[in-house]
**Q** 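Sharing a structure here in structure tokens format.
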Amino acid sequence: MASATTLTRALVQGSQRVSGSGFRQISTRSLLSRHQVPPKVILSSLRKFNSSAVKTAEGQRIPYKILELPAGHYLRSSIAVEDNVVKVADVTIPNIWLRDNCQCSSCVHQATKQRLLDTFSIPSNIAPETTEVDEGGIKITWNDGHESYYTRELLSNRQRTPMGRAKVRQGLTSIKLWDKDIAENPPVVLENNDSNTEDQVKIVLENIRTFGFCYIDNLSTEPEATEKFLERISFIRPTHYGGFYDFTADLASKDTAYTNIALEAHTDTTYFSDPAGLQAFHLLEHTDGEGGASLLVDGFKAAKDLLRLDPEAYHILSSVNVYSHASGNEGISIQPYRGFPVLQHDPATGYLLQVRWNSSDRSGIELPIQEVGKWYEAARKWDNLLKDPENEYWCQLTPGRLVIFDNWRVLHGRSAFTGKRRICGGYINRDDWISRYKMLHFGQEKVMKHLASD
Ligand SMILES: C[N+](C)(C)CCCC[C@H](N)C(=O)O
Ligand SMILES: O=C(O)CCC(=O)C(=O)O
């Protein structure tokens, strides 16, 4: 077994665990993880490794993490009743949680899956009157006369680690970090007007979840074809730029995207409280000019590099809130309801969830003015990583090739250009595309089984 030190070095040098649990990864160079060790060893070595951590909802501090560890395991789902208290794997399950999560048709609307029960009508002294454990779970007759049945799976689901519970809820998979070399073998799906379009959407979304982007080739250059493809994922998110967008360098909207200048790597809509989840570009034409190459950078890979090189800078960018704005259009100045850090983590698991970076749209930094220097120093290190040629994947989009990417992970930009260049595309909300991914990837039954217990 690798020592913790060796492991840490290996972990941060990019030995990655590629999920073998049935997730289909199209056109990927499968990288066998070099170390198979239980999460606790990785966590303890990470704890030694990075000086800072994210604060959990309970006020604990758990180390920042980027690579997904083996998803949480189910604890033994042994069910026992001791002194009228239900225990699963020796852990007491509070009566209020059990009663509130009764799955019967009078407590949960069977079609909408919504709770019908008025949670706070449950008496605070709710307790089992009788219990009956069987092969599938436990039947409870409550002292308010109600009868409930809880499956072993629901009870053991709830016992899993925060990571294990996040897996289905957030549609997690083992992600594949990349640098400029992704150019050799980018994730591509051929649009072949496949009758089983659900399967094609599933593969596209699995690629986006794994790599952060996916090309769809052989797509008609009629803008409607791009619009329809996006709507096969989910509805297009309307913004002050409109819904489905088809733009050129005419400043039709007062944003530098509508010009021909170079745009450095950024994520879009950092000024929205909920930045766009997916973004898509389909270059329809570029005539009488040159340039306009597209840039993609894996923000999660850059973040992992920063965590390794300078944990303190990583912590600053993960904890100092920053504001952003979109104010070019007449009568509009969009800003988020609060500041957000450049690197946002899940307080339940410590995992990096979102990169929020657009230096041209940035406004306030939530620090006393005399302290902002430390944020700039940290941001400079981050910016250096984004502009490291090793991390820059430059590609020339062409008519017929649609690129869809995860705007919470992958940064994009372009080189300056001349001539007439026309691009169409659209935004899709984060929650909408993750929902679509989960239902295709895990299936409705598995997702539904995890509602109460995640
Ligand atoms: C709508 N369309 C994609 C054409 C342009 C959007 C401009 C996005 C803005 N520069 C930002 O970084 O959020
Ligand atoms: O024109 C391009 O290639 C990209 C424009 C851009 O960065 C954006 O619309 O956010």
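One-based numbering, in listed order, for ligands and for the atoms of each. From a predicted model like this one, the values you see are computed outputs, not experimental measurements.
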**Q** Give the residue and atom name of whichever protein heavy atom lies nearest to atom 4 (C) of ligand 2, and the separation in Å to one decimal.
**A** Phe281 CZ, 3.7 Å

**Q** Could you tell me if Asn391 and Lys301 have a donor-acceptor pair between their side chains, going purely by distance under 3.5 Å?
**A** yes

**Q** Closest by any non-hydrogen atom to atom 6 (C) of ligand 2: pick that one out of Arg421, His412, Arg414, Glu264.
**A** His412

**Q** Considering only non-hydrogen protein atoms, determine which one is nearest to atom 6 (C) of ligand 1 and report residue, atom name and distance to 0.1 Å.
**A** Tyr427 OH, 3.3 Å

**Q** Quick one: which ligand 2 atoms are inside 4.0 Å of a heavy atom on Ile423?
**A** 1 (O), 2 (C), 3 (O)

**Q** Aromatic rings His412 and His266: how do their planes relate, parallel, tilted or perpendicular, breaks at 30° and 60°?
**A** tilted

**Q** Gln279 heavy atoms, cut-off 4.0 Å: which ligand 2 atoms fall inside?
**A** 8 (C), 9 (O), 10 (O)

**Q** Report the nearest protein non-hydrogen atom to atom 12 (O) of ligand 1: residue, atom name, distance rounded to 0.1 Å.
**A** Asn358 ND2, 2.8 Å

**Q** Between Asp255 and Ser253, is there a side-chain donor-acceptor contact under 3.5 Å, judged purely by atom types and distance?
**A** no

**Q** Between Trp357 and Trp382, what is the ring plane arrangement, given parallel below 30°, perpendicular above 60°, and tilted in between?
**A** perpendicular

**Q** Which atoms of ligand 1 are found less than 4.0 Å from any heavy atom of Tyr271?
**A** 8 (C), 9 (C), 11 (C), 13 (O)

**Q** What is the distance from atom CD1 of Ile428 to atom OG of Ser234, rounded to the nearest 0.5 Å?
**A** 6.0 Å

**Q** Can you name the atoms of ligand 1, numbered from 1 with element, that are less than 4.0 Å from a heavy atom of Gln279?
**A** 3 (C)

**Q** Is it true that Gln170 and Asp346 share a donor-acceptor pair across their side chains at a distance under 3.5 Å?
**A** yes

**Q** For atom 9 (C) of ligand 1, grab the closest protein heavy atom and report residue, atom and distance to one decimal in Å.
**A** Asp255 OD2, 3.3 Å

**Q** Assess whether side-chain hydrogen bond (donor to acceptor under 3.5 Å, both in side chains) is satisfied between Arg401 and Thr398, documenting all intermediate values.
**A** CA-CA 6 Å; Arg401 166 166 273 198; Thr398 52; 5.3 Å; no

**Q** Atoms of ligand 2 less than 4.0 Å from Ala257 heavy atoms?
**A** 8 (C), 9 (O)

**Q** Please compare Phe244, Trp357, Phe247 and report which has the shortest non-hydrogen distance to atom 4 (C) of ligand 1.
**A** Phe247

**Q** Report yes if Thr256 has an N/O atom closer than 3.5 Å to an N/O atom of ligand 1; otherwise report no.
**A** no

**Q** For ligand 2, which atoms have a heavy atom of Leu263 less than 4.0 angstrom away?
**A** 5 (C), 6 (C), 7 (O)

**Q** Could you tell me whether the side chains of Glu366 and Tyr323 share a donor-acceptor contact shorter than 3.5 Å?
**A** yes

**Q** Is the His345 to Tyr314 ring centre distance short of 6.0 Å?
**A** yes

**Q** Identify, by atom number and element, the atoms of ligand 2 in contact range of Asp268, meaning under 4.0 Å from any of its heavy atoms.
**A** 8 (C), 10 (O)

**Q** Suppose I only count heavy atoms of His266 and a 4.0 Å limit; which atoms of ligand 2 are within that range?
**A** 7 (O), 10 (O)

**Q** Below 4.0 angstrom from a heavy atom of Asp361, which ligand 1 atoms are there? Numbered from 1 as shown, please.
**A** 11 (C), 12 (O), 13 (O)

**Q** Write out the residue and atom name of the closest protein heavy atom to atom 2 (N) of ligand 1, then the distance separating them to 0.1 Å.
**A** Tyr258 OH, 3.9 Å

**Q** Starting from atom 8 (C) of ligand 1, find the nearest protein heavy-atom neighbour and note its residue, name and distance.
**A** Asp268 OD2, 3.4 Å

**Q** Is Ser294 close to ligand 2, meaning an N/O of one under 3.5 Å from an N/O of the other?
**A** no

**Q** Are Lys420 and Asp288 close enough for a salt bridge, meaning some N to O gap below 4.0 Å?
**A** no

**Q** Show which atoms of ligand 1 fall inside a sub-4.0 Å distance from at least one heavy-atom site of Ala257.
**A** 5 (C), 7 (C)

**Q** Is the positively charged end of Arg237 above the ring of Tyr427, judged by distance under 6.0 angstrom from the centroid and angle within 45° of the axis?
**A** no

**Q** Can you check whether Trp178 and Phe213 have ring centres sitting under 6.0 Å from each other?
**A** yes

**Q** Between Phe281 and Phe405, is the gap from one ring center to the other below 6.0 Å?
**A** yes

**Q** Taking only heavy atoms of His266 into account, list the atoms of ligand 1 that are under 4.0 Å away from them.
**A** 12 (O)

